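Contents: one structure, followed by commentary.
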Amino acid sequence: MAVDNRLSAIGGDTPPASTNGERPAARVNDLAFKIGTVNGTGSASANGLLRSAIFRMGIPVSGKNLFPSNIQGLPTWYEIRANADGHTARTARFDLVVAMNPATYRRDVEEVTPGGWVMYDSTWPLPRELDRDDVTFLGIPLAKMTVDNFKGSRVRILMKNICYVGALAALLKMDLEIVRGLLNETFAAKAKLLDANQLAISLGYDYALEHFDCPLPVHLETMDGNRDSIVIDGNTAAALGCVYAGATVAAWYPITPSTSLVDAFTGFCHQFRKDPETGRNRFAIIQAEDELAAAGMVIGAAWAGARAFTSTSGAGLSLMSEFIGLAYYAEVPSVFFDVQRVGPSTGMPTRTQQGDIQFAAYASHGDTRHIVIFPANPHECFDFAVEAFDLAERFQTPIFVLTDLDIGMNDWVIPKLEWDDSYRPDRGKVLTAEELEAATGPFHRYLDVDGDGIPWRTLPGVHPNGAYLTRGSGHDRFGNYTEDSEPYADVLARVGRKIDGAAPHLPAPEIRLSDGARIGLVTIGGCRGAVLEAVEALAERGIDADYMRVRAFPFHPDVEPFLAAHEVNFVIEQNRDGQLRKLLIAETDAEKDALVSILYYGGYPMSSHHVMDGLASHIDIGTPAGSRESVALGAPTHGATP
């Protein structure tokens with residue numbers, strides 16, 4: 001059918017799909033599609049249904065929610081990538097776009113890869129200027145369907161979303177029984193809603209089967225790639241880790257994207273932290289008046305012996321910095337979760353970035369240097385949450401767990417979480433009542449008696465012999481106030497030795513080596529998936545690259561030998577200023593010119609193309625597949641690919 005006729009279609013009289021462009025070669029379980037909607041229209045449930053159905057088909061999958069910072073009315077997108085090989089980092093190549101928001105039609109059509117498809121609501125005409133010769137348009141009268149079959153404007157809006165789920169199920173060969181089963185689970189107690197959703201699925205599915213060639217050449221088939229896996233977001237996983245670690249106190253002030261961490265912790269506490277006999281809460285969760293107050297509450301509770309934490313983002317961490325300095329100098333164990341977002345200032349609250357790396361490492365004024373750990377996915381959010389509390393008490397210092405919006409708020413497929421029932425919290429060097437009773441001399445809170453930089457501590461109320469005055473002002477090793485140079489410097493130097501000594505006990509870097517590699521790819525946090533995909537793409541082009549993901553600061557002893565083993569290390573991160581690179585330069589003996597930045601800081605999760613494009617500006621990555629020709633290294637520079 002002519003393009004003009006297709007673009008002028010209105011109402012339910014929708015023509016067949018146009019046949020513009022060449023059809024791509026058939027691909028199974030290797031596709032990405034994007035859904036453009038309006039925030040507040042209920043599309044999140046429909047998009048989650050799609051992602052869940054693909055997961056239950058056994059296909060590795062990811063879902064990235066790109067949403068605005070308002071409540072309702074602005075554009076929002078949901079990106080789904082399914083890949084049999086487990087590559088589920090964000091991609092910039094979309095085989096199909098579901099365009100449900102006229103305000104973003106132009107952008108949505110532009111982002112479809114050549115040979116791909118655009119599904120749109122053909123109840124209204126698509127503007128002529130949006131036509132592309134290399135894209136197939138799939139018009140479905142979604143609004144008309146819902147008007148004809150449902151009552152009430154809100155119900156019609158919601159059911160239109162479920163209609164496109166049904167159409168996608170037909171086009172992508174999704175298991176319809178799985179889709180219907182998920183609806184049955186969701187609405188088991190709400191028969192009317194269940195019937196409406198099942199009808200909407202049928203409307204979209206049947207229409208697609210009747211009007212289009214289903215399935216598309218790029219589609220899905222059931223496999224067994226998710227055995228013993230779960231779907232969870234990083235904030236929920238971290239909250240569960242806090243529960244398992246024995247945390248009983250959380251103080252916080254709401255801020256995107258960290259709010260759901262405390263929300264999840266609250267739910268878990270009501271499930272697991274109630275006295276089974278009395279029903280009384282065995283936890284305290286306080287929404288403070290601001291971030292500074294929240295930090296003070298956490299430090300106070302930790303000083304009293306509770307395992308306490310707060311969750312925030314960069315803007316909140318800035319406000320907490322005064323109390324962070326107190327916890328560092330007074331040596332109070334405490335845990336701070338920073339779910340990073342785009343800054344500076346208010347920035348873009350619902351976009352992701354890694355802009356707080358340097359700030360967390362040296363937060364507060366004066367000479368401070370903190371232990372920071374960097375999860376890459378929800379599984380590590382769970383594991384590192386537990387480790388953070390143990391490290392905080394072992395080294396008597398604030399611990400920072402830096403995730404980001406992508407890790408914290410998006411759903412990830414990870415191996416199921418496992419727990420060792422024999423685990424017992426590492427409370428560090430805490431004197432018991434019996435030890436204090438038997439002591440032959442006075443207790444000195446800041447005295448290093450073991451030579452490891454870590455003094456012994458006591459908990460309030462345990463025994464009178466353990467009483468001391470906590471000081472954030474100048475103090476000597478005996479806990480006495482001082483403004484004299486030598487005793488002040490003695491304590492501050494000892495605290496520095498303590499932090500230095502923590503490095504071997506922190507999470508070791510993840511390292512993958514290739515025989516003959518001359519270059520190293522160094523990264524951090526949620527960049528992991530994109531960088532590993534790039535390593536594989538390089539190997540296919542005949543270029544061997546070693547890989548290291550830094551997981552903690554101060555840097556583990558394994559970090560520096562990796563850097564020294566390569567002529568050039570490309571440091572890949574999501575911020576403008578190359579903060580990880582700067583830390584590596586400042587805290588290791590690595591040559592500055594041997595560390596080259598590859599940066600992306602636009603607010604979306606990193607893709608492998610960001611890595612490959614960055615590398616291409618420094619080395620020839622066009623070596624034919626199958627060969628092992630030497631890599632031509634250009635003069636390393638501090639490059640950026642925003």
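Both backbone and side-chain heavy atoms feed into the values below; hydrogens, waters and symmetry mates do not. Just so you know, these numbers come straight off a predicted model, no measurement behind them.
- Note: Tyr488 and Tyr329 have perpendicular aromatic rings, judged against thresholds of 30 and 60 degrees for the angle between ring planes.
- In summary, Glu380 and Arg528 do not engage in a salt bridge, as defined by a charged side-chain N under 4.0 Å from a carboxylate O.
- Using a 4.5 Å cut-off on side-chain heavy atoms (C-beta onward), Arg581 and Lys592 make contact.
- Between Phe265 and Phe283, the ring centre distance reaches or exceeds 6.0 Å.
- Nearest approach of Arg273 to Thr248, heavy atoms of both residues: NE-CG2, 4.0 Å.
- Note that the CD1 atom of Ile511 and the CZ atom of Arg549 stand 11.0 Å from one another [nearest 0.5 Å].
- A heavy-atom distance below 4.5 Å is found between the side chains of Trp419 and Val386.
- You'll find the side chain of Phe359 reaches within 4.5 Å of the side chain of Ser318, heavy atoms only.
- The closest side-chain heavy-atom distance from Pro333 to Thr397 is not below 4.5 Å.
- Shown are Arg471, Arg445, Lys498; of these, the salt bridge (charged side-chain N to carboxylate O under 4.0 Å, His left out) with Glu331 is made only by Lys498.
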Check: residues 446-455 side-chain donor-acceptor pairs under 3.5 Å, at least two apart:
{"unit_1": "Tyr446", "atom_1": "OH", "unit_2": "Ala330", "atom_2": "O", "d": "3.3"}
{"unit_1": "Asp448", "atom_1": "OD1", "unit_2": "Asp450", "atom_2": "N", "d": "3.4"}
{"unit_1": "Asp448", "atom_1": "OD1", "unit_2": "Gly451", "atom_2": "N", "d": "2.9"}
{"unit_1": "Asp448", "atom_1": "OD1", "unit_2": "Asp452", "atom_2": "N", "d": "3.4"}
{"unit_1": "Asp448", "atom_1": "OD1", "unit_2": "Gly453", "atom_2": "N", "d": "3.4"}
{"unit_1": "Asp448", "atom_1": "OD2", "unit_2": "Gly453", "atom_2": "N", "d": "3.0"}
{"unit_1": "Asp450", "atom_1": "OD2", "unit_2": "Lys429", "atom_2": "NZ", "d": "2.5"}
{"unit_1": "Asp450", "atom_1": "OD2", "unit_2": "Trp456", "atom_2": "NE1", "d": "2.9"}
{"unit_1": "Asp452", "atom_1": "OD1", "unit_2": "Lys429", "atom_2": "NZ", "d": "3.2"}
{"unit_1": "Asp452", "atom_1": "OD1", "unit_2": "Ile454", "atom_2": "N", "d": "2.9"}
{"unit_1": "Asp452", "atom_1": "OD2", "unit_2": "Lys429", "atom_2": "NZ", "d": "3.3"}

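- Put simply, the side chain of Arg351 gets close to the backbone of Phe67: a donor and an acceptor are under 3.5 Å apart.
- Ion pair Glu418/Lys416 not flagged as a salt bridge, since none of the NZ, NE, NH1 or NH2 atoms sits closer than 4.0 Å to an Asp/Glu carboxylate oxygen.
- For the side-chain contact (heavy atoms from CB on, under 4.5 Å) with Phe337, the qualifying choice from Ser258, Pro375, Ser311 is Ser311, the only one to do so.
- Annotation: Asp367, atom CG; neighbour count of heavy atoms from other residues, nucleotides and ligands within 6.0 Å does not exceed 12.
- Note on ring orientation: taking the six-membered ring where Trp is involved, the planes of Phe555 and Phe553 are perpendicular (angle over 60°, cut-offs 30° and 60°).
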